Amino acid sequence: MNSKTAYTALADHFRDVVALGQVSGLLGWDQETIMPKGAAAQRSEWMSALEKLSHSQRTDPRIAEWLDAVDGADLNAVEAANVRLIRRQFERQSKVPAALASQIARVTSQAQGVWAKAREAGDFSAFQDVLTEVLALRREEAAALAEGGNLYDALLEDYEPGMKEPELAELLGGLRDGLVDLRGRVAESAEVIPDIQGSFSHAQQTMVAHELATAFGYDWSRGRLDFSVHPFSSGSFNDVRITTRVSETDPFNCFYSTIHEVGHATYEQGISQDYGLSMLGRGVSMGVHESQSRILENQLGRSRAFTGYLYNRMTEVFGDFGIENAEIFYRVVNKLHRGFIRTEADEVQYNLHVLLRFDLERKLIAGELEVADLEAAWNERFEQDFGYPVDQPANGVLQDVHWSVGLFGYFPTYSLGNIYAGELFAAMSGDLPELQADLGKGDTKAALAWLGDKIHRFGALYEPRETIARAVGHAPTAEPLLAYLNAKFGEIYKL
């Protein structure tokens with residue numbers, strides 16, 4: 001078989017692989033949004049059967065033959081990147097027995113429902129057994145992938161290819177001391193910032209959320225907005241769906257969750273149409289993905305300029321809601337506050353939530369922490385970093401869905417995304433002198449075009465850190481993020 005024929009066969013085969021993955025994602029979206037509760041057991045069987053089929057496609061022995069045939073062939077950059085990603089996935093998938101992959105799919109589908117019930121009941125013990133099973137399965141998978149190497153590295157590769165635990169720990173570890181210090185100085189500040197008051201109807205919040213999604217570039221012809229307990233974005237390319245949630249006393253929860261998920265969605269929608277159902281037609285990593293959601297939510301959406309626009313729009317929709325002017329509104333939007341929920345945390349404290357999870361899950365995977373001791377370990381670390389105790393499991397160890405579905409290695413990409421966003425915003429601000437004036441009018445076109453040109457269109461063409469480095473001109477560090485946070489909150493709180 002010549003190399004051209006082999007590449008065509010390989011690319012055609014992986015169109016089906018990618019399509020099956022997208023079907024699985026759609027079933028996952030349905031499970032968290034509109035699936036009837038009584039369908040949970042049946043859905044777990046569907047997911048297991050689909051995973052069996054997908055695994056057989058991903059590990060088809062012909063893939064090895066095709067890869068051998070294209071090895072050393074004269075491929076263009078896009079073809080070479082596609083082969084690189086296929087080879088990486090094939091080698092990883094071939095190490096995981098089909099029975100194990102199917103069992104992980106079945107148990108994590110069931111565990112998600114168990115977690116939801118335990119969270120509602122506020123009872124970690126009701127979740128403990130199934131989490132222990134999920135952890136054991138993922139450790140077994142990691143051992144197969146690592147082949148004697150670092151288990152956490154093996155899991156991390158699924159979310160941030162090329163990143164290793166020591167390097168990541170060093171990069172993220174530089175955040176904790178600076179964030180704890182900034183949080184402490186803000187807590188000692190005499191500056192008083194009010195809270196938003198009043199009731200904001202579900203219907204009106206939904207209307208504004210739709211407007212914000214449109215303002216931040218969401219293509220409604222290729223997506224939809226629904227509601228879920230935990231906001232998320234799902235899908236890729238030409239079917240990218242988002243969810244949000246509504247609290248009638250806290251419209252910011254809805255609005256900024258929506259902007260955040262739109263950041264993920266516009267990344268997927270902005271990938272070159274040429275990449276279609278290929279391995280390139282998706283975000284390159286979860287860290288880079290998170291950078292897109294965080295830069296829209298925070299550096300753009302919580303800027304003084306854009307909050308001025310949002311204040312005027314909210315006044316039109318909701319009337320007087322107790323905030324005197326746009327400057328006070330900006331401070332209210334960015335107020336540091338006591339709280340337990342990661343997705344609702346302010347910019348300063350958000351990464352402390354992530355670092356807590358990162359450190360705990362590393363210990364779980366390494367066998368240094370048992371699931372039975374997880375709740376106590378969580379509560380102890382939380383009080384150390386935030387200065388007050390967890391009040392209930394739903395606000396602590398049970399608040400996130402990630403571990404129930406086996407996403408060990410995922411959490412640190414949230415903070416990595418913030419670091420990338422800090423770098424991207426610094427570069428964007430230098431390239432777009434009219435950025436703040438545009439944001440003051442609710443106009444994000446130039447910012448989104450910049451992101452589209454620097455990040456979105458490439459999909460997975462380059463490796464994650466190369467993608468960021470090409471956009472900003474150097475290897476990413478945490479310094480721009482810390483500088484941004486200290487400047488912004490130093491000014492808000494007169495530190």
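Bear in mind the structure is a predicted one, so any value in this text is a computation, not a measurement. Numbering starts at 1 and runs along the sequence shown.
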Could you verify whether a donor N or O on one side chain and an acceptor N or O on the other, from Gln273 and Asn238, lie under 3.5 Å apart? yes
Under 3.5 Å, is there a donor-acceptor pair between the Thr258 and Thr244 side chains? yes
Are more than 12 heavy atoms from other residues, nucleotides or ligands located less than 6.0 Å from atom [atom1] of [X]?
| X | atom1 | answer |
| --- | --- | --- |
| Glu479 | CD | no |
| Asn2 | CG | yes |
| Gln392 | CD | yes |
| Glu120 | CD | no |
| Arg15 | CZ | no |
| Glu167 | CD | yes |

Under 3.5 Å, side chain of [X] to main-chain N/O of [Y], donor-acceptor pair present?
| X | Y | result |
| --- | --- | --- |
| Glu165 | Asn150 | no |
| Thr444 | Ala215 | yes |
| Asn76 | Glu79 | yes |
| His456 | Ala449 | no |
| Thr8 | Lys4 | yes |
| Tyr267 | Leu451 | no |
| Glu160 | Gly287 | yes |
| Arg92 | Ala154 | yes |
| Asp123 | Ser125 | yes |
| Glu361 | Gly409 | yes |

Specify the closest pair of heavy atoms between [X] and [Y], including all atoms of both residues, with the distance to one decimal.
| X | Y | result |
| --- | --- | --- |
| Phe358 | Ala169 | CE2-CA, 4.0 Å |
| Leu280 | Ala81 | CD2-CB, 3.7 Å |
| Val284 | Tyr462 | CG2-O, 2.9 Å |
| Ala111 | Val130 | CB-CG2, 3.6 Å |
| Leu360 | Ala377 | CD2-CB, 3.9 Å |
| Gln112 | Val401 | CG-CG2, 4.0 Å |

Between [atom1] of [X] and [atom2] of [Y], what distance do you get to the nearest 0.5 Å?
| X | Y | atom1 | atom2 | value |
| --- | --- | --- | --- | --- |
| Thr214 | Leu225 | OG1 | CG | 10.0 Å |
| Ser404 | Leu131 | OG | CG | 8.5 Å |
| Leu156 | Leu416 | CG | CG | 8.5 Å |
| Lys454 | Leu424 | NZ | CG | 10.0 Å |
| Asp239 | Gln22 | CG | CD | 8.0 Å |
| Arg457 | Asp274 | CZ | CG | 11.0 Å |

With a cut-off of under 6.0 Å to the ring centre and 45° to the axis, is Arg294 in cation-pi contact with Tyr420? no
Hey, does Met163 have a side-chain heavy atom less than 4.5 Å from the side chain of Ser285? no
State, yes or no, whether a side-chain contact exists between Val17 and Leu277 at a heavy-atom distance under 4.5 Å. no
Parallel, tilted or perpendicular: which one describes the rings of [X] and [Y], with boundaries at 30° and 60°?
| X | Y | value |
| --- | --- | --- |
| His202 | Phe227 | tilted |
| Tyr414 | Tyr410 | tilted |
| His264 | His289 | tilted |

Ion pair check, [X] and [Y], cut-off under 4.0 Å:
| X | Y | answer |
| --- | --- | --- |
| Lys95 | Glu141 | no |
| Arg342 | Asp400 | yes |
| Glu344 | Arg245 | yes |
| Asp346 | Arg302 | no |
| Glu157 | Arg88 | yes |

Is the ring centre of [X] less than 6.0 Å from the ring centre of [Y]?
| X | Y | value |
| --- | --- | --- |
| Phe237 | Tyr275 | no |
| Phe90 | Phe14 | no |
| Phe411 | Trp403 | yes |

Worked check of salt bridge (Lys or Arg N to Asp or Glu O under 4.0 Å) between Glu268 and Arg222: CA-CA 10 Å; Glu268 293 289 337; Arg222 297 187 288 157; over 6 Å; no
Under the criterion salt bridge (Lys or Arg N to Asp or Glu O under 4.0 Å), I'd like the reasoning laid out for Arg381 against Asp359: C-alpha separation, chi angles, the key distance, then a yes or no. CA-CA 10 Å; Arg381 171 65 177 267; Asp359 289 341; 2.8 Å; yes
Checking side chain to side chain donor-acceptor pair (under 3.5 Å) for the pair Gln205/Asn253: CA distance, chi angles, key distance, verdict? CA-CA 10 Å; Gln205 286 193 50; Asn253 192 318; over 6 Å; no
Checking side chain to side chain donor-acceptor pair (under 3.5 Å) for the pair Thr243/Ser228: CA distance, chi angles, key distance, verdict? CA-CA 6 Å; Thr243 71; Ser228 62; 2.7 Å; yes
When you look at Glu65 and Arg62, which way does the salt bridge (Lys or Arg N to Asp or Glu O under 4.0 Å) test go after all the steps? CA-CA 5 Å; Glu65 299 173 11; Arg62 293 177 299 171; over 6 Å; no
